[in-house]
Structures are given as C-alpha cells and as structure tokens.
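In what follows, a structure is listed as structure tokens, so that the remarks can point back to it.
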Amino acid sequence: MTQRLIIRNGLFAQLQEGAAHTTSKGYMVVEQDRIVYIGETLPEAYEQGEVEYIDGKGLFFMPGLINTHGHAAMSLLRGYGDDMVLQSWLQEKMWPMEAKFTGNDVYWGTALSVIEMLKGGTTLFVDMYDHMDQVAKVSEESGIRAALMRGAIGLCSEEVQLMKLNEAVQLAKDWNGQANGRITTLLAPHAPYTCPPAFIEKFVEAAHELDLMLHTHMSETAAEVEQNVKEYGLRPVAHLEKLGLFSRPSFIAHGVHLNDEEIATLAKYNVGVSHNPGSNLKLASGIARVVELQRAGVVVSLGTDGAASNNNLDMFEEMRLAALIHKGVSGDPTAVPAADAMRMATVNGARTLHMNDVGLLQAGMKADFIAVNIDQPHLYPHTDLVSHMVYSASAKDVQHVWVDGNQVVKNGECLTMDEERIKHEAEQCFRNLLER
Ligand SMILES: CSC[C@H]1O[C@@H](n2cnc3c(O)ncnc32)[C@H](O)[C@@H]1O
Ligand SMILES: [Zn+2]
C-alpha cells in the first residue's frame, strides 16, 4: 500500500528559478521517498487510503540543506588547533592526530557530525576522508544522504599512493547507490599541493573508467597558489586543467584565490565551487570571489569543511556568512541576497553534485525536506521567511527533518541515532587519541 504523508497549512520555500514568489502556502504530499504534489489546494484523491497528516502551522518547510564539503570525523578535533593558518594547522595539529585515527574513531567522529548535521537540517553531506567504510556505515544507519570519497594525500611512496588509489576505487565500487540510493561515491585527490601530477592523473583515469565525479581542495590559500607556480610553472586551475581533472564532472572546495581567467576556465568546464566561508575566515585564508564566480555562471554551493576549522556544522551559519561577507567586501548591499544564499545551500548543492532530484520542494523530487519552527521571537514578524532563514535563524530552530521520505528528526530529537551514546563515545575517542 502507498505510504502517504500530507502536510497541510504549510508555508513552503520555492527556490526554483523563475518562481513568482520564494514562498507558497498550502499542501505538500509525499509518497514513499518522493514529493508527489505541492499546491494551494488538496486534490481529493490524495485523501484516500492510509494517510499521515502533519499540521504545518508555525513551521516553515524548506529543502534539506546540502553541505558540499567536509570531513565529518574531524569533529573529534573540534577546538584542537584554533587560530592557526592552514599549512601549520594541517602539519602541526591535524595530520599528527589523524595519523592515529582508527576505523572506530572515524565511526564515532562521523556519527557526532551526522547527528549534528541532521538536527541542524542538513540532509545531504559530502565527505572526503580515510576509513570511509565507517562513514558509509554511519550514513546507512542514520538515514542521511551522502556523497562519499576516500581523500588521498600523495605525499608518500608510490606503493602507498597505489594503496590509497585502490582503497578509493574500492569504496567507490562498494558503496555507490547503496542505502536505497542514498549513498553516491566520488574520487578525490586531496589537493594539487599534496598530490604529485602523476597521482592526480591516475585519479582522473579511474574517474573516466568508473564514470565518477572528481572533487579536490583548490586555491584555498595564496601560499598554495604561489607554491604551485613555483613548482609547476602554472596556477592551480591551469595545472588541474592540464592534468585532465576538469575533463570529468567535478567540483572544487574553496577556490578563494582565483583570477578572472581562472574563473572563466571553471565556468567553461562547468566546475562547481563549494564555498566554505566559515572555514576560510577562521583559517585566515581569505574570501572567495563569489559575486564574480556567480556572474561568470559558475555553480556556487556551500560547505562547512570539517568541524576542526569551522567549528560547527551549522549550514544556517554558512548561509548567513555568505550573505554578509560578500556585501562587506564588495560594498554592494545587493550582493548575495537571502534567496541566493538559500539556493547556494540547497539547489546549487544538488547541481554541484549533478543530482537532479534533490534540492527543491517540487513534485517529482526526493522527499528531503525540513521544517523550521518559526513561532519564536527572533523569527517574528513573518515578513519574509526566506530572509529570516538566512539572517535570523540557526540550526537550533530546526524542528523536523525528512530524508528519502523518512522522518529522521522529530521535535528536535534524532530518531535514528543514539545521541547520548555518540557524545560519550566521541569524548572517549578524543581522550584516547591524546594518550595514544
Ligand atoms: C585525507 S582527506 C582529508 C584531509 O583533508 C584535510 N583537511 C581538512 N580541512 C582542510 C582544508 O581546509 N584544506 C585542506 N585540507 C584539509 C584533513 O585534515 C584530512 O587530512
Ligand atoms: Zn576540506
């Protein structure tokens, strides 16, 4: 029998290009894993059979947030290494600790992040890390949607490089399409400054063979760009173009230090940019040229990066930062308006991942959506709810979350994960890492 959910009295975010308004009122109907109807009135046929009704009064429904760049297990290192620039942060603090991570650490660190993300309205996250089977396991168990890849740093022997490449390929083969299609896999050489050219080329080759997308860190700091020019005679964009990385569907994280020519190249190859404003500010990497990227037609989405450089996984905060900092640096108050920031955190995330059935509240889309409690002082009066979501709301305001048609958060409580156990295990993992 069809399992049907009907939301009545709802206010819905409508972020489609060309939509007359950014919100609509009425009904949304979900059958199994998909939205089948959204409109002002309810066609009678939907009331037949077994139906669960939700009263939408006091709630604002929007597409689930899509976090397009992160390292979930790094929540174990939250607060461990603040106020440092990227290279020393990685070399002196993160990499020595990460070298001690076991599969168990990655499992509990990822669980800690996934419960934070689900409770904060993120329904799809991109993750690049090691021990990725554990990340896939947490994703499967928790009900979240995930785009996963084994991130490979190539500052090692050719033998170890090959082992990492094989692990990346194995993960991609084992998990693509698993968990009722909620898990997608990609390939990820970590960055041009940590992967020799021949190593990157092997990932490109594998991506062609397996028909997978590629993702990498790129042009995050000015020092990285300078080093690339010194070592290879090219800036990172031209370097990766030469290595064929953009010949596959791909997207890069950060893209802070890009010149006009590089922006044009990214647009030409339809390479998406995951903009991580919180992490870029905290590591003092700079501010990405988002207005220019958008003007050139580059799809810009939002990511948190890991919780060790953010230091939370609140996508509302990233929306707010994106809407604020580009006004500040451009001197133009119309730069990144609220609806654009919300699109960056939703439908643009889907476009970045070349997924055409998530990111919007629309018939035919997967039922990945959230309900925000708008009956709170900081969200009154109800002038413009899209504006409120970007400029006034936070992860704490999320009341309910559905992924793939299943409710995973109800009244602020995660239904699929044991929060108390996760907090306890994550604390233990961190203490043990310090002593190991
Ligand atoms: C082995 S893949 C993941 C690898 O990436 C590191 N990382 C985390 N944040 C950043 C960042 O902002 N730029 C570059 N690399 C980053 C993480 O520590 C892992 O080693
Ligand atoms: Zn990163």
Side-chain angles (χ1 to χ4, degrees), residues 67-78 80-103 105-106 109-110 113 125-135 147-156 160-161 163-165 167-168 171-172 185-195 199-200 203 214-225 227-228 236 251-257 272-288 301-313 318 352 433:
N67 183 348
T68 56
H69 181 74
H71 316 278
M74 291 186 84
S75 58
L76 287 189
L77 303 178
R78 189 193 324 262
Y80 179 81
D82 287 338
D83 312 327
M84 300 173 82
V85 294
L86 177 71
Q87 280 310 325
S88 11
W89 175 76
L90 284 174
Q91 288 168 11
E92 294 161 29
K93 302 296 281 193
M94 298 300 121
W95 289 343
M97 282 295 261
E98 288 176 327
K100 298 191 271 182
F101 273 33
T102 62
D105 296 318
V106 170
T110 302
S113 287
F125 77 113
V126 171
D127 205 63
M128 178 206 288
Y129 215 60
D130 193 1
H131 302 284
M132 288 301 294
D133 280 325
Q134 300 301 315
V135 181
L148 308 179
M149 63 213 85
R150 199 273 193 232
I153 293 177
L155 304 171
C156 47
V160 178
Q161 283 181 4
M163 185 202 77
K164 290 182 179 181
L165 176 66
E167 278 179 19
L171 175 99
T185 56
L186 295 85
L187 292 177
H190 170 262
Y193 60 91
T194 56
C195 294
F199 191 42
I200 294 180
F203 273 86
L214 285 160
H215 178 46
T216 192
H217 294 92
M218 194 198 72
S219 304
E220 183 175 359
T221 63
E224 166 200 340
V225 176
Q227 189 194 319
N228 211 94
F251 66 104
I252 58 112
H254 305 300
V256 174
H257 298 275
V273 171
S274 174
H275 176 39
N276 293 203
S279 175
N280 295 158
L281 289 172
K282 182 155 187 287
L283 293 169
S285 301
I287 294 179
S301 57
L302 289 179
T304 54
D305 216 340
S309 63
N310 189 299
N311 282 4
N312 64 42
L313 306 176
E318 299 305 315
T352 296
L433 280 165

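Model, not experiment: these values are computed from the prediction. Order of listing sets the numbers, starting from 1, for every ligand and every atom in it.
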I need the nearest protein heavy-atom contact for atom 20 (O) of ligand 1: residue, atom name and distance, please. E98 OE1, 2.7 Å
Which of the numbered atoms in ligand 1 are under 4.0 angstrom from any heavy atom belonging to W95?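 Selected atoms, number and element: 18 (O), 20 (O).
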Within the 4.0 Å heavy-atom shell around G151, which atoms of ligand 1 are there? 1 (C), 2 (S)
Is there a side-chain hydrogen bond (donor to acceptor under 3.5 Å, both in side chains) between N310 and E318 once you walk through the steps? CA-CA 10 Å; N310 189 299; E318 299 305 315; 3.0 Å; yes
Less than 3.5 Å between some nitrogen or oxygen of [X] and one of ligand 1, yes or no?
X: E220; value: yes
X: R150; value: no
X: W89; value: no
X: D305; value: yes

Using heavy atoms and a threshold below 4.0 Å, how should the contact between L90 and ligand 1 be classified: side chain, backbone, both, or neither?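 The part of L90 near ligand 1 is the side chain, not the backbone.
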Under-4.0 Å heavy-atom contact with ligand 1, by part of L86 that carries it: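 Side chain only.
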Determine, using heavy atoms of Y193 and all atoms of ligand 1, whether some pair is separated by less than 4.0 Å.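 The answer is yes: ligand 1 sits under 4.0 Å from a heavy atom of Y193.
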From the options H254, M94, H190, select the one whose nearest heavy atom is closest to atom 6 (C) of ligand 1. H190
Roughly how far, to the nearest 0.5 Å, is CD1 of I200 from OG1 of T194? 7.5 Å
Any N/O/S atom, backbone or side chain, of H254 lying under 2.8 Å from the Zn ion (ligand 2)?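 Coordinating: no.
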